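See structure below.
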Amino acid sequence: MLTVKKGTRRWTNWTGNVSSHPQQFVMPKSLEDVISIVDQCRKTNTRIRVVGSGHSFSPLVQTDDCLLSLDLLQGLHHVDSTEHTIEVWAGTKLKALGELLHQQGYSQENLGDINSQSIAGAISTGTHGTGIQFGSISTQVVSITVVTAASEVVECSEKLQPELFKAMRVSLGLLGIIVRVKLRVLPAYRLRYQSYRMPLDDCLSSLDTFKTDHRHFEFFTFPYSPTVQVKFMDETNEPPSGNHRWTYWKTMVIENGLFWCLSESCRLMPSLSRRISRLSAQSVPSVTESGYSHQLFATPRLVRFYEMEYSVPAAHMKDIIEELHQAIEHEQFAVHFPLECRYVNKDDIWLSPAYERESAFIAVHMYKGMPYQAYFARMEEIFARYEGRPHWGKMHNITPERLHQVYPRLQDFLDLRAQLDPQGLFVNDYLARLLRISRQ
């Protein structure tokens with residue numbers, strides 16, 4: 001039986017900058033339920049958007065028609081120990097997936113620093129971690145099972161409908177409702193994590209070494225500060241550390257509790273932003289610990305913020321960071337959140353920000369409740385000069401014309417979408433504007 005809630009229930013995303021009042025909020029419990037709701041919506045010309053954890057900052061799932069949640073479709077569907085693949089229901093959250101895999105003796109090869117997303121949402125928006133050997137989570141996908149606008153169940157992979165597979169792995173929910181995902185996995189492994197501060201100039205001059213010598217490397221550069229936080233993770237045979245109490249205290253009290261207090265101070269007195277950014281940089285502790293991969297990739301994020309992230313050619317990371325800092329200093333933006341900088345391997349997925357180029361991902365943030373428009377717009381100007389591609393789940397102001405310039409397979413994607421969903425069943429107003437999709 002379908003779980004259907006009717007009325008004008010208000011839905012908001014994680015940070016509260018996107019909201020809607022869907023007339024139906026639907027929670028299917030089976031593949032048959034998904035087929036049924038798609039069939040019903042097609043007959044009544046009701047749009048459907050699928051929500052995972054609501055962690056996108058852009059209005060990807062915003063709708064006043066039917067909002068479909070996959071929260072009741074979670075868990076392992078099949079484990080293939082010969083092929084080292086696992087098939088999971090699409091609503092499975094990344095945190096739960098890591099624990100389920102660990103119980104089976106497996107791990108994902110890479111993850112981002114947030115694990116609250118559903119696996120379907122993560123791959124649909126191009127969610128990624130860091131490491132020049134690794135692509136986004138979408139590149140771990142072996143096959144996808146989807147319910148199309150015609151209520152048909154279709155499976156695609158590199159061998160089975162390969163063109164659809166290249167489009168489906170980052171689809172923005174426009175090609176159908178993903179119900180199952182098969183992933184390539186690795187035997188469970190442990191990582192050694194190191195984090196400490198260092199001078200910005202030293203970090204930028206060592207980028208090639210850091211990204212090559214470590215399995216995972218990222219850094220956080222603080223506005224108005226000559227200091228950065230660097231993070232490294234490498235495979236290890238060391239047993240899990242026994243300092244989890246310290247790690248928990250550091251994460252929850254310093255990185256979340258104390259930082260929330262400092263952020264509130266900036267919101268009330270924006271002139272404090274420069275000072276607090278410098279204080280935050282100088283307060284970065286030195287940490288070393290070991291543990292299983294799924295326990296170390298993610299970091300709890302309790303302080304709410306707005307975020308914009310762009311992919312740029314990896315070779316330009318140093319130049320772009322220097323330009324961003326110069327712009328912040330020149331414009332004197334009231335910002336204290338650091339810029340997060342990561343590397344992602346290229347892929348062949350049509351709407352992937354890392355499509356056919358080694359990529360650097362740079363994310364800029366602003367504390368919730370503080371003005372962000374001018375700051376984000378200025379940063380976006382710099383990204384645009386380097387052929388920047390926006391992360392689909394983050395905030396941006398890119399135009400449809402510019403999207404076609406930086407995503408060379410965008411028209412192929414839109415043509416395929418028109419074939420699969422001529423009625424525009426899975427199109428909301430935001431995506432119709434952004435991609436210039438006409439709905440019958």
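A quick note: this is a predicted structure, and the numbers were derived from the prediction, not measured.
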Pair K394 + E307: basic N to acidic O under 4.0 Å | yes

For S151 and R42: C-alpha separation, side-chain torsions, deciding distance, then whether side-chain hydrogen bond (donor to acceptor under 3.5 Å, both in side chains) applies. CA-CA 9 Å; S151 301; R42 184 180 65 256; 2.8 Å; yes

Original post:
Okay, side chain of Y386, backbone of S311: is any donor-acceptor separation there less than 3.5 Å?
Top reply: no

Taking the six-membered ring of Y224, is the NZ or CZ of R278 close enough (under 6.0 Å from the centre) and on axis enough (within 45°)? no

May I ask you to check whether T227 and Q282 show a side-chain donor-acceptor distance below 3.5 Å? yes

Using a strict cut-off of less than 4.0 Å between a Lys/Arg side-chain nitrogen and an Asp/Glu carboxylate oxygen, indicate whether E309 and R342 qualify as a salt bridge.
yes

Under 3.5 Å, side chain of R197 to main-chain N/O of V284, donor-acceptor pair present?
yes

Exercise. Just checking, R169 and F165: is the charged tip under 6.0 Å from the six-membered ring centre and within 45° of the axis?
Worked result: yes

Classify the ring geometry between F210 and F232 as parallel (under 30°), tilted (30 to 60°) or perpendicular (over 60°).
perpendicular

Would R389 pass as a cation-pi partner of Y407, given that its NZ or CZ must be under 6.0 Å from the six-membered ring centre and within 45 degrees of the axis?
yes

Q. For the ring pair F57 and H396, is the centre-to-centre distance below 6.0 Å?
A. no

- [ ] May I ask you to decide if the ring planes of F259 and H336 are parallel, tilted or perpendicular, using 30° and 60° as cut-offs?
- [x] tilted

- Message: In terms of relative ring orientation, are Y367 and F337 parallel, tilted or perpendicular, with 30° and 60° separating the classes?
- Response: parallel

- Determine, for E401 against R436, whether the closest basic-nitrogen to carboxylate-oxygen distance falls under 4.0 angstrom. yes

